[in-house]
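Here's the structure we're looking at; comments come further down.
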Amino acid sequence: MKNDIESRLREALRPVAPTEDFTRRVIAQATAKSARSADRSGGAASRRLWWLSGIAASLLMAAGVYQHQRAQREVADGLEARRQVLQALALTSQKLDLAYETVKSQSSSLGDPEAGA
Amino acid sequence: MAMALALRSINLNDSSLDYLDQQLARARAGQPTAIAALIRAHQKSVYSLALRMLGARHLAEDLVQDVFIQMSENLSRIETNQHLGFWLRKVTTHRAIDQLRHRTKFELAPLLDEDHVSDEAGNRDPLLQKSLGMLLADLSPDARAVMLLRYQEDLDPADIAKTLDMSINTVKSHLKRSLDLLREGLEDELT
């Protein structure tokens, strides 16, 4: 009995097709909608591309400016270091000259017996 | 198992499945002929589910149109033709159940309208068709969907449960209760 009613149901519920006219209408609507979706997604994709390009260009520009500023700062630091080294060398040279003069004057006074009397 | 399910549900052989997978890839790229091929391959299943769930041709046609338009907008998310069959059955049954739940008892239409039975039932017994139609119309929307997925789409309880987001036990109990009701009803009608 169970199998009987099940086979009756299967027979009664075999899929049926809609009319050809209706099928054509559905196809026309679905393809039109798909084309509009494709256009929209294409437009959205190109807008996304523009945004990404803009962001990438801004990042590149910011990186360039940062690099340039860093290079300028390094040159300025280098020049300052050079100036300081030269200044230190000049001071050292002056001190050495002074020390040399002092040593020289003391040694000449020690070598001259009258100078000590 | 999965392939066998797809074969049963849409009555296609291996080569036509390959063909429909190719059509799906082309449809995703927006080719109108491929979208048409997919609609033609699945329209019987979707239309029959909609018609037998809602009980009136004009309501079924509106639903079928909406479902296929939704399909054309969601092709990028559908991986294979088998997945498409599952997706179409799921969307159709869920939307039909929603519509039926929002109807009042007074608005419930018979399962098949008269001209539809005479037009499309072919050489099937019209009395049995009508009786089954009326008996199925008395079932709750969930039970009707379970019966249609089982006996129209030939899905097993596990696949019905997945399609309708129900537990397998709920599906089995719907099947048992509905079969008992139909058996009683048919005995009264045909004796």
Side-chain angles (χ1 to χ4, degrees), chain A residues 1-70, chain B residues 10-11 27-40 43-52 57 60-61 64-76 112 116 119-122 124-125 128-129 131-133 136 147-148 150-154 178-180 182-183 186-187:
Chain A
M1 184 63 189
K2 188 185 174 193
N3 287 340
D4 183 41
I5 195 159
E6 287 189 316
S7 59
R8 280 178 173 195
L9 270 169
R10 281 202 176 87
E11 175 65 22
L13 296 178
R14 275 193 307 201
V16 290
T19 61
E20 183 57 29
D21 183 44
F22 172 70
T23 304
R24 281 205 207 102
R25 263 196 339 259
V26 172
I27 288 171
Q29 287 188 342
T31 49
K33 193 81 182 177
S34 168
R36 277 200 297 274
S37 302
D39 284 350
R40 266 203 308 276
S41 63
S46 91
R47 271 196 302 280
R48 262 201 307 278
L49 195 65
W50 273 108
W51 271 105
L52 286 174
S53 308
I55 289 167
S58 305
L59 285 172
L60 275 173
M61 207 185 292
V65 167
Y66 172 74
Q67 283 291 345
H68 179 68
Q69 285 179 342
R70 209 172 93 169
Chain B
I10 53 175
N11 299 321
R28 275 197 225 105
Q31 273 194 22
T33 51
I35 295 171
L38 294 176
I39 291 173
R40 285 191 182 281
Q43 64 168 349
K44 264 175 117 175
S45 163
V46 173
Y47 178 71
S48 303
L49 276 175
L51 182 66
R52 288 170 176 150
R57 188 196 295 230
E61 288 186 348
V64 171
Q65 270 185 358
D66 288 350
V67 169
F68 280 120
I69 286 172
Q70 201 178 336
M71 177 199 84
S72 67
E73 291 171 330
N74 287 280
L75 284 170
S76 58
L112 296 172
H116 177 83
D119 282 351
E120 289 163 358
R124 290 174 238 177
D125 178 354
L128 176 66
Q129 288 283 319
S131 303
L132 276 172
L136 282 170
M147 292 297 278
L148 290 175
R150 180 76 188 104
Y151 296 104
Q152 179 194 295
E153 297 298 305
D154 216 7
S178 303
L179 279 175
D180 289 345
L182 289 179
R183 195 175 296 116
L186 280 183
E187 274 170 9

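Order of the sequence lines fixes the chain letters, A, B, ..., with proteins taken first and strands second; residue numbering starts at 1 for each chain. Predicted model, so just to flag it, every value in this text is computed and none were measured.
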| said: Could you measure the distance from the CZ atom of B:Arg183 to the CG atom of A:Leu9? Nearest 0.5 Å is fine. | reply: 9.5 Å
| field | Minimal non-hydrogen separation, B:Arg52 against A:Ala12, with atom names | value | NH2-O, 3.4 Å
| Where do B:Ile35 and A:Lys33 land on the side-chain contact (heavy atoms from CB on, under 4.5 Å) test, with the steps shown first? | CA-CA 11 Å; B:Ile35 295 171; A:Lys33 193 81 182 177; over 6 Å; no
| task | Could you tell me which portion of B:Leu182 (side chain, backbone, both or neither) has an atom closer than 4.5 angstrom to a non-hydrogen atom of chain A? | result | both
| Heavy-atom side-chain contact between A:Gln29 and B:Ile39 under 4.5 Å | no
Acceptor/donor pairs from residues 53-60 of chain A side chains to any protein atom, 3.5 angstrom cut, sequence neighbours excluded:
unit_1: A:Ser53; atom_1: OG; unit_2: A:Leu49; atom_2: O; d: 2.7
unit_1: A:Ser58; atom_1: OG; unit_2: A:Gly54; atom_2: O; d: 2.8

| note | Here the pair of heavy atoms bringing B:Phe68 nearest to A:Ala30 is O-CB, 4.0 Å
| note | Looking only at heavy atoms, the pair that brings A:Thr19 and B:Arg57 closest together is CG2-NH1, 4.1 Å
| task | Among the options B:Asp180, B:Thr33, B:Val64, B:Ile69, pick out the one with the most heavy-atom pairs lying under 4.5 Å from chain A. | result | B:Ile69
| request: Determine whether A:Val26 and B:Gln43 make a side-chain contact, defined as any pair of heavy atoms from C-beta on separated by less than 4.5 Å. | output: no
| message | Ignoring hydrogens, what is the shortest heavy-atom contact between B:Met147 and A:Leu13? Give both atom names and the distance. | response | O-CD1, 4.4 Å
| request: Quick one: closest heavy-atom pair of B:Ala36 and A:Ile27, and the distance? | output: CB-CG2, 3.6 Å
| field | Sequence neighbours excluded - salt bridge (Lys or Arg N to Asp or Glu O under 4.0 Å) pairs with any residue from residues 28-40 of chain B | value | A:Glu20-B:Arg40
